[in-house]
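Okay, structure first, notes after.
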Amino acid sequence: MPFGFRAFPAAQDSLRADVLAGLAAHPKSIPPKYFYDAAGCRLFESICTQPEYALCRTEQALMAAHLSEIAAALGGVESIVEPGAGDCAKVRRLLDVLRPGRLLVMDIAGAPLAAAAQALAHDYPDLDVTALAMDFLGDLDAADPWLAGGGQRLVYYPGSSIGNFAPAAATDLLARFRRLAGADGRLLIGFDLKKDPLRLHAAYNDAAGVTAAFNLNLLARINRELDADFDLARFRHYAFYNPPEGRVEMHLVSLAEQDVRVAGERFHFALGEALHTEHSYKYRRDEFAALAERAGWRLACGWEHDGFAVQLYT
Ligand code: AVI
C-alpha cells in the first residue's frame, strides 16, 4: 500500500489575508473554501444527511445506478486525480470498477484528507495513493510532479463543488483541469441542476438548522484562528435562490450595528449589512456543457437523476 502525504505551506496565511481583504470590501465577503475546518467538515457531512438537502444522496444514487455504464464509457484509466477530495468516500466506487494504479487526492483540509487517504491505501493494497494538503485553487500545477508518467488520467470532480464558483471562475478552473488531465485525459463531473426554487430554498434552509450552523461556524473559526470577537448571536444565516443569476446565495446578516475586531483590525457592520459567504450555482445540462466546452472539454455522455447530473468529458 504505497502512500505519500505532503502538506503545502501557507493555508493559515491565506485565511488571514483573504478574511481581512473580504471584510474590507464592499459588499463584504469571505471565500467558501474557509468553511471546512474540522467542525465545518463535520457540519457539511451532517448537511448531506438532512432530508431537505438531497444533492449528495442523489449523486450517489445516480453513480450506483449507472456505474457499469460510466465505467464502460471511461474505458481504461491509469490515474485518478480528485481535487477537493474531502473524506475520499466518493472515489471508492470508481476505484472498485476502474482499478487504476494511482490516485492523487488534494484538499485544503489536510488532517482529514491524510487520514482518509491512508485508509484508502490500506483498503486498496495495489493502489499508489498520494495525498496533497493544498489549496488547489491557488496552485494546481504543484500537482504535476506526482502525475508524471501516470498514464491515462481521469479528473474526478463530484458533489457539485463546481457550483461554488461563478461561471467565469468555473470555466477557468475547468481549463486548469484540462491541462492537469493532459491531452488524452478525461473529466467526470457532478453538478446540481436548476429545479423548483422552493426545493432549492429548502435545501439551504433545513429545519434542523444544520446549514445555519455551518454558515455561522465560519465566524467561530475566524474567532479562534484569527483572534476575532464575532458575536455569533448577532448574525443571521440567510440563504435564498436567485433565479436570474441561477444560484443559491448564502449570507450572514448583521442583526445590529456593531464593530468586530479581527487580527488586530476593526470592521464596522451596519444593521442589516450582509457578509456574503457562498454562491451555489445551478445549471441546465446544456448551459453546463457550453461552459465546459469554453474550457476546452468535449461532452462525451451524461446521466441525470432527480435534479442532479453527472457528465463525462474528453
Ligand atoms: C460543497 N458544496 C457543493 C455545497 C453546496 O451545496 O454548494 C456546500 C453547501 N453549502 C450549504 N450547504 C451545502
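Both ligands and their constituent atoms are indexed starting at 1 by order of listing.
Closest heavy-atom contact between Y241 and K282: CE1-CG, 4.1 Å. Looking at every heavy atom in both residues, H251 comes nearest to A274 through ND1-CB, 3.8 Å.
Residue contact check: G159 has heavy atoms under 4.0 Å from atoms 3 (C) of ligand 1. Close approach of ligand 1 to S160 is summarised as follows: ligand atoms under 4.0 Å from at least one heavy atom of the residue are 3 (C).
Taking the charged nitrogens against the carboxylate oxygens, E249 and R247 do have a contact shorter than 4.0 Å, which makes a salt bridge. Look at D96 and R92 and you find no salt bridge, because none of the NZ, NE, NH1 or NH2 atoms lies under 4.0 Å from a carboxylate O. In this structure, E287 pairs ionically with K194, as a charged nitrogen and a carboxylate oxygen lie closer than 4.0 Å.
Proximity of F44 to ligand 1 is established by a heavy-atom distance of less than 4.0 Å. Remark: distances from the non-hydrogen atoms of Y36 to ligand 1 include one below 4.0 Å. For the pair G163 and ligand 1, no heavy-atom separation below 4.0 Å is found.
For ligand 1, the polar-atom distance check against Y204 finds a nitrogen or oxygen pair separated by under 3.5 Å. Between K282 and ligand 1, a contact under 3.5 Å exists for no N or O pair. Of the polar atoms of S280, at least one N or O is found under 3.5 Å from an N or O of ligand 1, judged by distance alone. Any N or O atom pair closer than 3.5 Å counts here, and N164 shares at least one such pair with ligand 1.
In this structure, atom 8 (C) of ligand 1 lies nearest to the protein heavy atom E278 OE2, 3.4 Å.
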Item to check | Test salt bridge (Lys or Arg N to Asp or Glu O under 4.0 Å) applied to E293 and R298, step by step | outcome: CA-CA 6 Å; E293 276 164 21; R298 197 175 53 82; over 6 Å; no
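Under the rule for a ring-ring contact (aromatic ring centres under 6.0 Å, His included), the partners of F35 that lie at least two apart in sequence or sit in another chain are F214.
Contact annotation for Y53 and ligand 1: only side-chain heavy atoms (C-beta onward) come within less than 4.0 Å of the ligand. Here F191 has no heavy atoms under 4.0 Å from ligand 1, in either its backbone or its side chain.
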Side-chain donor-acceptor pairs under 3.5 Å in residues 155-169, sequence neighbours left out?
residue: S160; atom: OG; partner: D192; partner atom: N; Å: 3.0
residue: S161; atom: OG; partner: P158; partner atom: O; Å: 3.4
residue: N164; atom: ND2; partner: E278; partner atom: OE2; Å: 3.4
residue: N164; atom: ND2; partner: H279; partner atom: O; Å: 3.0

